[in-house]
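Bear in mind that the values here come from a model prediction, so they are computed numbers and not experimental data.
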Amino acid sequence: MMHLLRNARGMRVAIDAHDASVRAWWAPDRYGRLADVLGAAPSAAHASTGWRCDPPDDGCLLLRLAQDGLSVRLAYRLDDDGSLHLDCAATADAVSRFALAAPRFNLQGGRAAVGDHVLRLAADRYRPWSGGCAGDAALDVAGSAFDFRQPAPLASRLAWPALAQSAGFRHDFYWTGSGQLREAARVADPASGRVLRFSSTQDSCHLYSDARCFSLLAQGVQLQPGQVKRFQLAYRLGVQDIDAFDISEPVSMMSNK
């Protein structure tokens, strides 16, 4: 069953109660035109299913999961400033791992390419592949294609030799500090003027991209018996003049054709 959250700006967010995923998000561009900015269904590979939920109440939706000793409470809230907040608390009776499905965005809407989407990511370390061994040290982003501390288009970085054979990003990124909800990433689309801000209380995220969409995913949570873990995320959609984004590398609008 789909549940719809609305705000005063005309945004609508559809939440799938089956796997607690965000399935659609209608948001205005710089001219006020609404479009669904989710480019594809989220990956269900690691997402939990079988959630129960209360009816939406004033822009809020509460979901609960109880499965194989794992208990999760997840609250969505859509604010009038365009922020979709996720507040999650999980506990388990046995060693468990829990992860949320990440929304996959295309800020132009439709099936346009996302190569011109400009990313700024406040991460100083990365892992060259997702899901590496626990002992694998994260690498410094400085001087590499993975340094997004200054904004750069996705396509320009995928043209670097280290990524020339890659279909997109499938990498974990790390920054210093956690516990407080703070902005970790910002993605802007020059064509529509839409900008997405990603905030997290965690100290890392997984960046996924392909030709038509991208996602910023919270890291999965590992739980020991009796342990309680909490985290918060926020995705905020708005509009911005691309000239104010201080892009460090040129944007080619041709990649969206």
Side-chain angles (χ1 to χ4, degrees), residues 37-40 42-43 102-132 136-177 182-200 202-219 233 235-257:
V37 297
L38 295 194
S43 172
R104 294 189 173 181
F105 290 94
N106 183 319
L107 297 182
Q108 276 202 52
R111 298 290 295 169
V114 298
D116 276 352
H117 282 32
V118 178
L119 170 65
R120 180 166 65 203
L121 179 58
D124 54 13
R125 291 162 293 134
Y126 78 101
R127 292 188 192 274
W129 58 86
S130 175
D136 294 338
L139 305 179
D140 193 330
V141 300
S144 75
F146 305 95
D147 191 351
F148 286 99
R149 292 174 293 183
Q150 294 297 318
L154 292 172
S156 71
R157 293 303 177 84
L158 289 172
W160 283 43
L163 290 166
Q165 304 303 314
S166 300
F169 287 95
R170 313 284 194 278
H171 298 80
D172 295 332
F173 287 82
Y174 303 84
W175 51 86
T176 302
R182 70 169 196 169
E183 183 177 309
R186 188 177 298 190
V187 186
D189 170 42
S192 68
R194 293 187 182 93
V195 59
L196 175 72
R197 295 169 173 86
F198 173 74
S199 300
S200 175
Q202 297 181 327
D203 62 359
S204 60
C205 74
H206 179 73
L207 172 64
Y208 169 92
S209 74
D210 59 28
R212 304 296 178 185
C213 63
F214 73 91
S215 68
L216 294 157
L217 172 64
Q219 295 289 9
L233 306 174
Y235 297 93
R236 181 181 178 185
L237 270 170
V239 293
Q240 178 175 320
D241 185 343
I242 196 65
D243 292 334
F245 205 64
D246 190 26
I247 303 171
S248 62
E249 298 173 29
V251 175
S252 170
M253 300 298 292
M254 292 303 293
S255 67
N256 282 323
K257 301 300 184 183

What are the two closest non-hydrogen atoms of [X] and [Y], and how far apart are they?
| X | Y | result |
| --- | --- | --- |
| Gly39 | Cys213 | CA-CB, 4.2 Å |
| Arg212 | Ala113 | NH1-N, 3.1 Å |
| Trp160 | Gly143 | CZ3-O, 3.8 Å |
| Ala142 | Asp140 | N-OD1, 2.9 Å |

Separation of [Y] [atom2] from [X] [atom1] (nearest 0.5 Å):
| X | Y | atom1 | atom2 | result |
| --- | --- | --- | --- | --- |
| Leu139 | Tyr174 | CG | OH | 10.0 Å |
| His171 | Leu121 | NE2 | CG | 12.5 Å |
| Arg104 | Asp210 | CZ | CG | 7.0 Å |
| Cys205 | Trp175 | SG | CH2 | 4.0 Å |
| Leu38 | Asn106 | CG | CG | 9.5 Å |

By side chain to side chain contact (heavy atoms under 4.5 Å, CB included) - contacts of Leu217 (at least two apart):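 Side chain to side chain contact (heavy atoms under 4.5 Å, CB included) list for Leu217, sorted by chain: Ala102, His206.
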Output yes when a side-chain donor or acceptor of [X] lies under 3.5 Å from a complementary backbone atom of [Y], and no otherwise.
| X | Y | result |
| --- | --- | --- |
| Ser209 | Gly168 | no |
| Arg157 | Ala145 | yes |
| Asp189 | Arg194 | no |
| Gln202 | Gln219 | yes |
| Arg186 | Leu196 | no |

Determine whether [X] and [Y] make a side-chain contact, defined as any pair of heavy atoms from C-beta on separated by less than 4.5 Å.
| X | Y | result |
| --- | --- | --- |
| Leu163 | Phe169 | yes |
| Ser199 | Arg182 | no |
| Leu237 | Val195 | no |
| Phe105 | Val187 | no |
| Ser192 | Val37 | no |
| Arg149 | Asp124 | yes |

Among Val118, Leu119, Asp116, which residue satisfies the side chain to side chain contact (heavy atoms under 4.5 Å, CB included) criterion with Leu154?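 Exactly one candidate clears the test, Leu119.
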Take the angle between the ring planes of Tyr126 and Phe146 and call it parallel below 30°, perpendicular above 60°, tilted in between.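 Judged by the thresholds at 30° and 60°, the geometry between Tyr126 and Phe146 is parallel.
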Please work out whether the ring planes of Tyr235 and Phe198 are parallel, tilted or perpendicular, with thresholds of 30° and 60°.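 Tyr235 vs Phe198 ring planes: tilted.
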